[in-house]
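See below for the structure under consideration.
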There are 2 protein chains.
Amino acid sequence: MFSKASQYAIKAIIYIWTQSLQDSKVGAKAIGAAIDAPEAFTAKILQQLSRANLIGSIKGPNGGFYANESHANKTLKDVVRAVDGESLFSGCSLGLNKCSEKNPCPLHFEIVEVRKKLDHMLTNKSIRHLAVEVIKGETNIKHIIQVE
Amino acid sequence: MFSKASQYAIKAIIYIWTQSLQDSKVGAKAIGAAIDAPEAFTAKILQQLSRANLIGSIKGPNGGFYANESHANKTLKDVVRAVDGESLFSGCSLGLNKCSEKNPCPLHFEIVEVRKKLDHMLTNKSIRHLAVEVIKGETNIKHIIQVE
DNA sequence: AACATATAGGATGATTTTGTCCTAAATATA
DNA sequence: TATATTTAGGACAAAATCATCCTATATGTT
């Protein structure tokens with residue numbers, strides 16, 4: 001459903017918010033470690049999020065990534081859009097070039113319902129809100145380390 | 001949402017049913033042409049569908065692919081499963097190794113709703129039924145050729 | 001000013017997915 | 001039995017995605 005890149009992006013941006021809500025910026029290294037994602041690849045994704053104005057970034061010592069009020073109304077849909085593009089949300093799910101009410105593919109009317117739920121999932125809570133849930137311990141964005 | 005391979009698979013198997021309902025087998029070449037998919041790649045996918053017993057195949061002159069009563073209750077979910085595997089339907093959508101009711105990711109409860117609709121879309125009509133709709137002209141599985 | 005730290009971004013490599021090509025195996029027909 | 005046709009399947013190639021490495025750029029600190 002989501003590419004690896006957007007999975008990392010979602011976990012990363014929620015993590016950034018958890019830190020920003022406690023007034024601290026985080027570096028790419030710390031983010032990668034926190035979400036169990038490769039650091040350099042995560043850094044690339046953070047660039048994309050930054051360019052899309054979903055997070056802020058500051059170079060240099062004490063720099064890092066952060067989110068603030070200017071990002072407060074962003075949702076996971078913005079994240080998935082920035083990283084994976086529009087294809088999950090629009091266009092024919094079977095790849096037909098002309099697919100419409102008048103000339104529908106076999107999934108045309110059904111996919112609307114799926115996308116409605118998908119949209120709801122990705123827009124009904126702000127990323128900030130999702131981060132609060134993580135802080136509260138209600139949800140979780142990390143792998144669980146297996147101990148023998 | 002769906003891989004290219006499973007998009008081809010869905011169109012191919014519906015096309016095969018449209019032909020089988022009129023008592024004729026179809027070859028890989030004709031299938032590829034009918035759904036605007038590369039022939040050799042389509043052939044590989046047809047092998048997978050055949051191995052998964054979603055269609056039948058016969059070698060040699062007058063051979064080809066077909067569907068019959070023994071395939072009549074198969075759905076698109078079986079097709080997507082055979083081609084793309086299980087990941088769309090189960091497992092953590094953010095890729096967490098341990099994600100459960102007790103230790104949920106931020107999307108854990110929401111993804112259930114999306115998958116419910118997805119499941120409905122892929123199981124509420126048999127492939128055979130979808131083919132009938134195509135035959136009736138109610139739906140369509142081909143690209144529309146652009147004429148200048 | 002020099003230095004250290006951190007993001008930005010280009011170049012490159014690995015892996016997966018997509019796609020092609022060729023040979024083997026099966027089977028209908030002459 | 002020989003031949004033509006068609007699926008099965010292995011080997012290979014191209015493109016996209018995932019991932020790493022190195023240098024440039026910005027900026028805080030000494």
Side-chain angles (χ1 to χ4, degrees), chain A residues 1-13 15-16 19-20 24-67 80 82-85 87-88 94-95, chain B residues 1-13 15-16 19-20 24-67 80 82-85 87-88 94-95:
Chain A
M1 175 105 80
F2 304 121
S3 70
K4 226 90 193 296
S6 69
Q7 289 181 4
Y8 292 153
I10 289 172
K11 289 184 276 193
I13 199 166
Y15 178 71
I16 291 168
Q19 300 311 107
S20 288
S24 72
K25 290 190 283 291
V26 264
K29 191 166 189 168
I31 296 169
I35 65 172
D36 305 290
E39 180 189 329
F41 189 48
T42 303
K44 293 288 183 197
I45 295 164
L46 293 169
Q47 279 181 42
Q48 296 186 64
L49 298 181
S50 178
R51 277 195 295 259
N53 286 308
L54 304 178
I55 54 176
S57 71
I58 294 180
K59 287 183 184 179
N62 264 308
F65 298 92
Y66 64 91
V80 174
V83 175
D84 283 350
S87 67
L88 197 53
L94 295 183
Chain B
M1 176 106 79
F2 303 122
S3 71
K4 225 92 194 296
S6 70
Q7 289 180 4
Y8 293 152
I10 289 171
K11 289 185 276 193
I13 200 167
Y15 178 70
I16 290 167
Q19 300 311 106
S20 287
S24 71
K25 288 188 286 290
V26 265
K29 191 167 191 168
I31 296 170
I35 65 172
D36 306 289
E39 180 188 330
F41 190 47
T42 303
K44 293 287 187 198
I45 295 164
L46 293 169
Q47 277 181 44
Q48 296 185 64
L49 298 181
S50 178
R51 276 194 296 258
N53 286 307
L54 304 178
I55 55 177
S57 71
I58 294 180
K59 289 181 181 178
N62 263 311
F65 299 91
Y66 64 90
V80 174
V83 175
D84 283 351
S87 66
L88 197 55
L94 296 183

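Chain letters run A, B, ... following the sequence lines, proteins first and then strands; every chain starts at 1.
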- About how many Å separate CE of A:M1 and CG of A:D84, when rounded to the nearest 0.5 Å? 11.5 Å
- Query: From D:dC18, D:dT29, D:dT5, pick the nucleotide closest to the side chain of A:S3?
  - Reply: D:dC18
- Message: What's the separation between atom CD1 in B:I35 and atom OG1 in B:T42, rounded to the nearest 0.5 Å?
- Response: 5.0 Å
- Task: Quick one: pull up CG in A:D36 and NZ in A:K11 and give me the separation to the nearest 0.5 Å.
- Result: 7.0 Å
- Task: Calculate the interatomic distance between A:K25 atom NZ and C:dT5 atom P; express it in whole Å.
- Result: 17 Å
- Item | Spacing of A:E39 atom CD relative to C:dA8 atom P, expressed in whole Å | 13 Å
- Item | Nearest listed nucleotide, side chain of A:P61, among D:dT27, D:dC18, C:dA28 | D:dT27
- Roughly how far apart are A:I45 CD1 and A:Q7 CD, rounded to 0.5 Å? 10.0 Å
- Do A:L49 and A:I16 come close enough that some side-chain heavy atom pair is under 4.5 Å? no
- Message: So if I take every side-chain heavy atom of B:A5 and compare against C:dT18, D:dC21, C:dG19, which nucleotide ends up nearest?
- Response: C:dT18
- Measure from CG on B:L88 to C1' on C:dT17 and round the result to the nearest Å. 16 Å
- Message: Can you work out whether A:S6 or A:K59 has the more 5'-proximal nearest nucleotide on DNA chain D?
- Response: A:S6
- Message: I'd like to check B:F2 versus B:L88 (side-chain heavy atoms, cut-off strictly below 4.5 Å). Are they in contact?
- Response: yes
- When rounded to whole Å, the CD1 to C1' distance for the pair A:I16 and C:dA6 reads 14 Å
- Task: Using a cut-off of strictly less than 4.0 Å, decide whether A:S57 has a side-chain nitrogen or oxygen near OP1 or OP2 of C:dA8.
- Result: yes
- Note on the structure: Checking D:dA8, C:dT7, C:dG19 against the side chain of B:F65 (C-beta onward), the nearest is D:dA8
- Query: Of the residues in residues 41-54 of chain B, which ones touch DNA chain C at a heavy-atom distance under 4.0 Å?
  - Reply: B:F41, B:K44
